[in-house]
Amino acid sequence: MLTLLTFPPSFDTPSHSPFCTKAIALLHLSGEAWQPKYLTNPTKMPLGRLPVLRTQDGQTIPDSAHIQAYLETKGHEFDKGLSQQDRAHSHALIRMTEQHLTAGMAHERWLRNDCWPTVRSAFFGELPAVLRLPIATMMRAKVRRGLTSHGIAQFSEEDRLTRLGKDLSAIKATLNGKPFLFADHPTAADAAIAPVLDMIRNLPCDTGLRRLVQENAALMAYVHRARAALYPQ
Ligand SMILES: N[C@@H](CCC(=O)N[C@@H](CS)C(=O)NCC(=O)O)C(=O)O
């Protein structure tokens, strides 16, 4: 049995982390037998991050893209039937989402004062009371540095929303009435992208970004369809 080392569930998704949720979706699509092992501190992981997959033969595979590649070596072709052009489009859309839209979602969770108390309890609520506030405050400062260095935290609210809105438009344009991004069934792009939209629509405070998703019927229908196909329960 495969074991996925993952951050625990929160906010109605099977992990806090979009990358862990992507790995869960890929494992679900692969049909492999797997179990989650929940961790809250990834510092001892090979890349200091989660997800990490442990295989039956003792391999430890960090990074959701490497987990995908491992499952592909076992014969699970997530993009079966896609043209070369669609594969290129899918790759670009995944990169956009993972490198930009996800940072926008993290900005809302971690840096907005109206979201933070709920996020803090969801992510750090299980820690002993004496450690909870210092660790949460230290992690928030680390995320602030990361998102400032990335650039997303440097923009005004209006500029940030314009930029993230363009990512959402690219996703909507790709969907273009189809049930999933590139086919009538989920592919690798859906596993990577739908969890991020799901986390945005379920942000714990009212933000412009959340409204852009919640007020778009096509995106909301897609999120519900993808949840049922990728991480049902
Ligand atoms: N490229 C990696 C990114 C994974 C990643 O950034 N995970 C974050 C959580 S979303 C993490 O573990 N951060 C370290 C921490 O939270 O301390 C992947 O695709 O798996």
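We count ligands from 1, going down the list as the structure has it; atoms in each ligand are counted the same way.
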- Write out all pairs satisfying side-chain hydrogen bond (donor to acceptor under 3.5 Å, both in side chains) with one or both partners inside residues 139-148, taking only residues at least two apart or from two chains.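 Counting only pairs at least two positions apart or across chains, the side-chain hydrogen bond (donor to acceptor under 3.5 Å, both in side chains) contacts touching residues 139-148 are N113-R140.
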
- Message: For residues 39-48, which residue pairs pass the side-chain hydrogen bond (donor to acceptor under 3.5 Å, both in side chains) check, not counting sequence neighbours?
- Response: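 Only N41-T43 qualify under side-chain hydrogen bond (donor to acceptor under 3.5 Å, both in side chains).
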
- Message: Just verifying a value: how many Å separate S15 OG and M199 CE, rounded to the nearest 0.5 Å?
- Response: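 Going from the OG atom of S15 to the CE atom of M199 covers 6.0 Å.
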
- Query: Rounded to the nearest 0.5 Å, what separation is found between the CZ atom of R109 and the CZ atom of R112?
  - Reply: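 The distance works out to 14.0 Å.
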
- Message: Salt bridge check, K178 against D184: does any charged N sit closer than 4.0 Å to a carboxylate O?
- Response: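 No, D184 and K178 are not salt-bridged.
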
Show me the donor-acceptor pairs, under 3.5 Å and distance only, between side chains in residues 120-128 and residues at least two apart or in other chains.
{"from": "S121", "atom 1": "OG", "to": "P117", "atom 2": "O", "distance (Å)": "2.9"}

Are there any protein N or O atoms under 3.5 Å from the N or O atoms of ligand 1? List them with distances, or say none.
{"from": "ligand 1", "atom 1": "1 (N)", "to": "D63", "atom 2": "OD2", "distance (Å)": "2.9"}
{"from": "ligand 1", "atom 1": "6 (O)", "to": "R49", "atom 2": "NH1", "distance (Å)": "2.8"}
{"from": "ligand 1", "atom 1": "7 (N)", "to": "L50", "atom 2": "O", "distance (Å)": "2.9"}
{"from": "ligand 1", "atom 1": "12 (O)", "to": "L50", "atom 2": "N", "distance (Å)": "2.9"}
{"from": "ligand 1", "atom 1": "19 (O)", "to": "D63", "atom 2": "OD1", "distance (Å)": "3.4"}
{"from": "ligand 1", "atom 1": "19 (O)", "to": "S64", "atom 2": "N", "distance (Å)": "3.3"}
{"from": "ligand 1", "atom 1": "19 (O)", "to": "S64", "atom 2": "OG", "distance (Å)": "2.6"}
{"from": "ligand 1", "atom 1": "20 (O)", "to": "S64", "atom 2": "N", "distance (Å)": "2.8"}

